[in-house]
Amino acid sequence: MHRVGSAGNTSNSTRPRKEKRLTYVLSDADDTKHCAGINCLAVLKASAPDACDYLFTGSRDGTLKRWALTENAATCSATFESHVDWVNDAVLAGNNTLVSCSSDTTLKTWNCLSDGACSRTLRQHTDYVTCLATAKKNSNIVASGGLGGEVFIWDLEAALVPVSKSAETMEDDCENGIISAGNSGMPITGLCSISSASSISLHTTQSHGYSPIAAKGHKESVYALAMNDSGSLLVSGGTEKVLRVWDPRTGSKTMKLRGHTDNIRALLLDPTGRFCLSGSSDSMIRLWDLGQQRCVHSYAVHTDSVWALASTPTFSHVYSGGRDLSLYLTDLTTRESVLLCTKEHPILQLALHDDSIWVATTDSSVHRWLADGRNPQKVFQRGGSFLAGNLSFTRARACLEGSTPVPVYKEPSFTIPGTPGIVQHKILNNRRHVLTKDTAGSVKLWEITRGIVVEDYGKVSFEEKKEELFEMVSIPAWYTTDTRLGSLSIHLDTPQCFSAEMYSADLNIFGKPEDDKVNLARETLKGLLAHWLAKRKKRSGQQASANGDVASKDMAVRNHSQSRIEIDGNADSDSMVYPPFEFSTVSPPSIITEGSHGGPWRKKITELNGSEDEKDLPWWCLDCVLNNRLPPKENTKCSFYLHPCEGSTVPVLTQGKLSAPRILRIHKVVNYVVEKMVLDKPLEGGNSDGTYAPGLPGQSQLATLGGDGSFRPGLKPWQKLKPFIEILCNNQVLSPDMSLATVRAYVWKKNDDLVLNYRIVQGR
């Protein structure tokens, strides 16, 4: 599992507050497919003869999907998108409620037959939530477990009761927000509702102080939970290698069972709650009689960790899978076992469905295998069975002796395909392109300012392609990226993200002066929030009368920070999005961020409805997009000396140190030299300290003037110069296209001030 980076310090921290991050997740694939491993499965049987069954899948890509099942087809009928990290488990509770848990520390509830709208967010865990359990006959009860030894028992009926508040309080505390449980000294539950119109609304149980029952006793992480049908018994297991049995009605511990020698990863309870099955990283499956408080059978079936268990309805047979890539069926009474199948990926979870079994693995696809769940003895009649030992090394020794069982089935009866997840990436030097490699071996080139794949190279060497695409260019690192969700996640943090600029000519932006500097983060944010801004403008007339002028509120909300904000002088007053920053609406990216109220949230950029404000979005994003305000720029200048080449007869043009933007091209330095040598007139815009910043407002004529004072169409500036000037660094002739930053990084390679030399090339 991967940890989510902190979005900011808590209110009790004495360290400077870190501003909220904005992340966007890119996708070029069909949104109806997962792009990372499947952590959990849940099957909903049809309630009417003419209705279809549904399969719910939760993925490491952060989403859940609902699949409408027919005999030989599965159609994705909804995507549930709100979690901001891996979905680790999901269970079906009463009233068509789907409950999911995530590494983002939350539980979320959904109407499983809806279009994918999250109905509530439950916040109580302080670390990853790894597992869930529910009572089939008491469907309001759900238990959750996670890292740090936390186990909570939730009464959904009590937890999900909306609380009425006065209109003023609701607007002030909760308008368009997502609740955080950190505003009260007592444990509370935050409940978030996202309507079908994609607006973010809030309900909270804070006023009546609901908190789930805490089952306290685990000192380490919990990875597995199981509950009997009536909800009167809960079993938990994790890294402490023991089973703990609880009364979920009170949270009191009733017993502790020892026997496993490694982490407990899977648990099952029979409907009555008398017998419990456990699977462990010690490769063993154990059957426990809770009435006798002891282990009555051990099954040595696997050769590696057991991560998933599923039983037949009568609890007579168990299906098991895990790290050894294999799915076994074991008769709990006779100890007879058979290998059903083996594939390429570790098995994470199982879900029995009539005479088939759905298998979730670390791959993004889900497979259905024949299982004869209603009459499992049919499988044993095919032959190839063996007697499960009771010592963990039994199966391992059998494999070494060449007696590995032959799988009953070679191929699944049906597959729901996923898309390959990204497993390797490299940010290229131009800081606009990222090279990726996925699980299928395909190498692609992404343009992150548009969120699209600009080149699919197929199955080629990632390292060779990386070397081939190398450019000698230096752009500040204005974003970070990771692939923990199986896709490219681009992280923007202020003020670092505003450090990169390029000239409009280098971005092929037409209609802007070629020397206009374009801030990459600002234009990217404009592109990401273009749909939000358009919908916001449509709503502004209605909101102005009820809430006051929103734009004025945006301008005033950070008036105390004006000392550390500067207006982007080159920023246009409109919201025009330039082509290099237009994001796809076919496969739009998703935003992951948070505002001043509540926790992180995730939505596609096309689903923002314009009502989101500073309670939902980082204030610095709004300041940038709405008000053209950026943080003060740091280290945007490069200091250098400009001297004649050694032995050259050209005159000395300047004695002092010069200063210019880091992105300034060498041909502008050539222009400067030519003007000083040929035109021999004072530099407009020269500073009293001898510094010079070519290309800035008031000095643009110095950057474009040729040696003869005229331009000829079709010629670049340095081709129009007379005489022909070369600029050198460390005795290396510099390309006119190189920037000062590039020269410093790849040619000068020193920490002290850059030294450039110039000379006249005869006969050119």
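Model, not experiment: these values are computed from the prediction.
- Listed by chain and number, the residues in a ring-ring contact (aromatic ring centres under 6.0 Å, His included) with H367 amount to none (sequence neighbours excluded).
- Applying the salt bridge (charged side-chain N to carboxylate O under 4.0 Å, His left out) test to residues at least two apart or on different chains, none of the pairs has a partner in residues 54-64.
- Not counting sequence neighbours, K535 has no partner by the salt bridge (charged side-chain N to carboxylate O under 4.0 Å, His left out) test.
- Using a 3.5 Å distance cut-off with no hydrogens or angles, the side chains of H125 and S144 do pair a donor with an acceptor.
- The side chain to side chain contact (heavy atoms under 4.5 Å, CB included) test applied to A78 returns R66, F80, not counting sequence neighbours.
- In this structure, W369 has no side chain to side chain donor-acceptor pair (under 3.5 Å) partners at least two apart in sequence or on a different chain.
- When all heavy atoms of I38 and A360 are compared, the pair lying nearest together is O-CB, 3.4 Å.
- In this structure, the side chain to side chain contact (heavy atoms under 4.5 Å, CB included) partners of T312, at least two apart in sequence or on a different chain, are T314, S316, H317, Y319, P376.
- By the side chain to side chain contact (heavy atoms under 4.5 Å, CB included) test, R323 is found to be paired with D304, S305, W307, residues two or more places apart in sequence or in another chain being considered.
- Residues satisfying the side chain to side chain donor-acceptor pair (under 3.5 Å) test with H218, not counting sequence neighbours, are S236, E240, R244.
- For residues 34-54, the pairs satisfying salt bridge (charged side-chain N to carboxylate O under 4.0 Å, His left out) are K45-D53, K45-D354, with sequence neighbours left out.
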For residues 224-233, dump all side-chain donor-acceptor pairs below 3.5 Å to protein atoms at least two apart in sequence or in another chain.
from, atom 1, to, atom 2, distance (Å)
N228, OD1, G231, N, 3.2
N228, OD1, S232, N, 3.0
N228, OD1, L233, N, 3.0
N228, ND2, S230, OG, 3.3
N228, ND2, S232, OG, 2.9
S230, OG, S232, OG, 3.0

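- Listed by chain and number, the residues in a ring-ring contact (aromatic ring centres under 6.0 Å, His included) with Y24 are F583 (sequence neighbours excluded).
- In this structure D155 satisfies the side chain to side chain donor-acceptor pair (under 3.5 Å) test with no other residue, sequence neighbours excluded.
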